[in-house]
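Because the structure is predicted, anything quoted here is derived from the model rather than measured. Lettering follows sequence order; numbering is per chain, from 1.
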Amino acid sequence: MSDMKAETTAGMGTDPLVTAPFGLPPESYDPTSAKLSKRPPGPWRMLWSKFSRNPYAMTGLVVLVFFVVMALLAPWISKYDPSRIDMMFPNLKPGVDGHLLGTDELGRDIFTRLLYSARISLLIGFSVALASVIIGSIVGAISGYFGGWIDTIFMRFVDVMYSVPTLFLNILVLAIFSSEIKYMIMILALTSWMSIARLVRGNFLQLREMQYVEAARAIGVSSWGIIFRHLLRNASFPIIVNATLMVGSAILSESALSFLGLGIQSPATSWGVMLSNAQEFMLVDKLQAVYPGLCILLVVLAVNFIGDGIRDALDPRQGMSKTRRRLKQWQKNYSKSGN
Amino acid sequence: MTEYLVRRLLQSVLVIFLITVATFLLIHAAPGGPTQVMLAPGLSPEAMAQQKENMGLDQPLPVQYIKWVGNLLQGDLGYTFKNHIPVGDLLWPRMMNTLILMGVAWFVALVIAIPWGIYNSTREYGLSDQTSSFISYLGFAMPSFWFGILLQQYLSLGLDWFPLSDMHSRGKDGEIGDLFMHLVLPVSVLALGFLASYMKYARASMLEVLDQDYIRTARAKGVKERKVVFRHALRNALIPIITVIGLDLPILVSGAVLTENVFNWPGMGRFYVENALAREYSVLMAITIVTAVIVIIGNLLADILYAVVDPRVRLGGKGGKAA
């Protein structure tokens with residue numbers, strides 16, 4: 001892109017009338033050297049250039065970054081302690097006494113609690129996604145690369161895991177073991193890795209027939225080397241899409257479990273805890289239930305938009321089919337002349 | 001076809017077996033195990049041993065497991081630890097309540113989602129299509145319990161249109177009008193969730209079919225657009241939609257955990273959470289097994305349904321599913 005622009009400017013340079021407002025290219029400018037020094041864009045660059053042109057995805061990214069920054073800087077943004085009870089000032093209205101969103105029924109600052117909740121929710125969201133990616137990739141990779149009876153057993157197991165009612169299992173496990181964060185991350189990951197395993201397996205089934213895999217095998221690369229160095233890297237983009245979407249669903253699951261009283265326990269706080277609290281005191285303060293839910297909605301929407309954006313950016317057909325459909329639509333609406 | 005069914009049936013039995021083993025082991029892996037919860041605290045060691053023996057907890061695990069499964073097969077789901085009530089007696093009425101709630105929500109969602117999805121597929125990226133995709137996004141990203149709380153706050157407490165929670169008003173058990181009013185809010189919450197996915201499926205499935213060559217042929221022959229959509233496209237588009245709906249059937253029993261808790265609906269989901277918080281393991285085990293069995297039967301039914309509506313599967317033709 002930038003090459004073309006540079007060349008056109010250089011071409012225009014012959015006409016003094018046009019050059020004047022734009023200015024001449026610098027003396028040292030040499031189109032050939034510029035072209036040579038520039039490497040072809042890598043896959044990440046290409047992904048980014050498409051991704052950054054998608055308004056939904058970029059909005060999602062901005063919102064997510066905003067929440068992450070707020071969560072990380074929580075102690076510096078708010079001077080209050082999220083779990084400090086102050087019975088002198090319960091149920092303050094928003095904006096009173098420096099409490100940005102007021103206080104809850106125990107006099108805890110709602111805005112501060114939102115910030116610290118973001119920490120827990122995002123932590124759980126990202127860790128669950130990461131853990132599921134690790135479990136799912138390993139299972140999928142082994143299944144897809146080796147095939148045969150290993151594949152059959154693994155995939156049947158995935159089927160079994162799919163048929164387990166997830167929320168019931170999560171509740172059961174959290175009821176049996178205590179509901180510490182580490183158990184929560186573990187059980188959420190253990191019940192959500194299956195989609196990644198299927199995805200990785202499908203990709204591996206295709207990729208393992210590639211010639212570079214054969215070449216690697218010929219020069220004596222071990223199976224694990226091929227799996228990790230060659231195959232997993234090539235399957236990484238679809239995994240990233242899936243993992244992004246998983247962050248959203250993990251945040252939803254966490255808030256649901258906390259809402260039911262089986263997840264994060266007071267005095268720690270999460271958006272789900274705040275919602276269950278708000279439901280109890282619905283008659284006192286209506287707005288209290290709005291904030292945490294809105295936070296969950298925004299973060300999950302943002303993550304989903306980002307995931308969809310990456311998927312669209314990766315899919316070469318996506319743009320085309322959309323264009324084709326729009327064209328069809330346009331023809332239907334406007335070409336009344338009958339061509 | 002028969003071979004396919006038999007294989008699926010055997011698979012299902014195996015899966016149910018695995019789930020019983022897993023549930024059993026999970027409960028017994030709990031710190032302290034079931035003993036700690038079942039036995040009253042502060043008993044003397046002798047009394048403790050006596051009670052253990054009465055409950056059969058002193059026997060080796062495999063023996064306990066076989067006894068438990070044997071009881072399950074006879075329809076005996078065990079007894080609650082606290083009051084020694086048969087779990088089944090508590091469970092079945094609650095399952096009915098959930099079925100009422102979910103059945104209505106599911107029906108409402110289907111009636112709205114399928115026609116709307118089909119309509120949207122014929123007018124892609126139109127206003128209606130954009131609206132529905134907005135609703136879908138909301139349905140996927142919004143915590144259902146939050147939506148429920150908001151409805152309670154604004155439509156029930158604020159405007160007083162609908163009752164806040166529960167299934168019946170006091171003293172009005174069994175009145176249909178009263179039940180209906182109690183159903184509106186939870187059904188809206190649940191229906192939104194269903195709607196989000198069904199609308200997307202209906203639309204995507206129709207779009208895929210409408211892109212096929214035989215549709216173009218039909219249009220080229222001069223078949224009316226209405227007929228193309230309903231006769232040629234819809235019939236084929238319905239196959240994947242039916243499968244998805246079939247796979248969702250078990251949710252009718254298990255899927256309303258959050259909504260039931262928000263609206264205090266006396267169903268399975270709330271029962272399960274109550275017992276989880278009380279560490280009432282025999283109930284948890286029973287519900288887990290019952291729902292797992294229902295899920296697996298549901299999946300089996302979905303597969304059969306799929307085979308019935310799609311002759312390619314039924315006849316096991318050379319083309320197979322991939323065609």
### Message
For Tyr137(B) and Asp308(A), which I'm curious about, is there any donor-acceptor pair between the side chains at under 3.5 Å?
### Response
yes
### Task
On the 0 to 90° scale, with breaks at 30° and 60°, tag the Phe259(A)-Phe145(B) ring pair as parallel, tilted or perpendicular.
parallel
### Query
Is chain A contacted by the side chain of Ile149(B), its backbone, both, or neither, given a heavy-atom distance below 4.5 Å?
both
### Task
Below 4.5 Å from any heavy atom of chain B, which atoms of Val173(A) appear? Answer side chain, backbone, both or neither.
side chain
### Reported CD-to-OG distance for the pair Glu254(A) and Ser270(A), which is rounded to 0.5 angstrom
3.5 Å
### Pick from Leu174(A), Asn304(A), Leu252(A) with the largest number of heavy-atom pairs that fall under 4.5 Å of chain B
Leu252(A)
### Query
What distance separates Thr288(B) OG1 from Phe24(B) CZ, expressed to the nearest 0.5 Å?
13.5 Å
### Task
Can you label the angle between the Phe67(A) ring and the Trp271(A) ring as parallel, tilted or perpendicular, going by 30° and 60°?
perpendicular
### Query
Got a second to check how far Ile251(A)'s CD1 is from Leu122(A)'s CG, nearest 0.5 Å?
5.0 Å
## Note on the structure
When Leu18(B), Val13(B), Ile19(B) are each screened for side chain to side chain contact (heavy atoms under 4.5 Å, CB included) with Val15(B), the one that passes is Ile19(B)
### Task
Side chain from CB out, backbone as N, CA, C, O: work out which of these in Ser144(B) comes under 4.5 Å of a heavy atom of chain A, or both, or neither.
neither
### Query
Is chain A contacted by the side chain of Tyr154(B), its backbone, both, or neither, given a heavy-atom distance below 4.5 Å?
side chain
## Note on the structure
Against chain B, residues from residues 185-198 of chain A with at least one heavy atom under 4.5 Å, in numeric order, are none
### Pick from Val262(B), Asn275(B), Ile296(B), Leu150(B) with the largest number of heavy-atom pairs that fall under 4.5 Å of chain A
Val262(B)
### Message
With heavy-atom distances below 4.5 Å as the criterion, would you say the side chains of Phe66(A) and Leu298(A) are in contact?
### Response
no
### Task
For the residue pair Ser117(A) and Thr269(A), confirm or rule out a side-chain donor-acceptor distance under 3.5 Å.
yes
### Message
I need the residue from Leu262(A), Leu294(A), Leu169(A) with the largest number of non-hydrogen atom pairs under 4.5 Å to chain B.
### Response
Leu294(A)
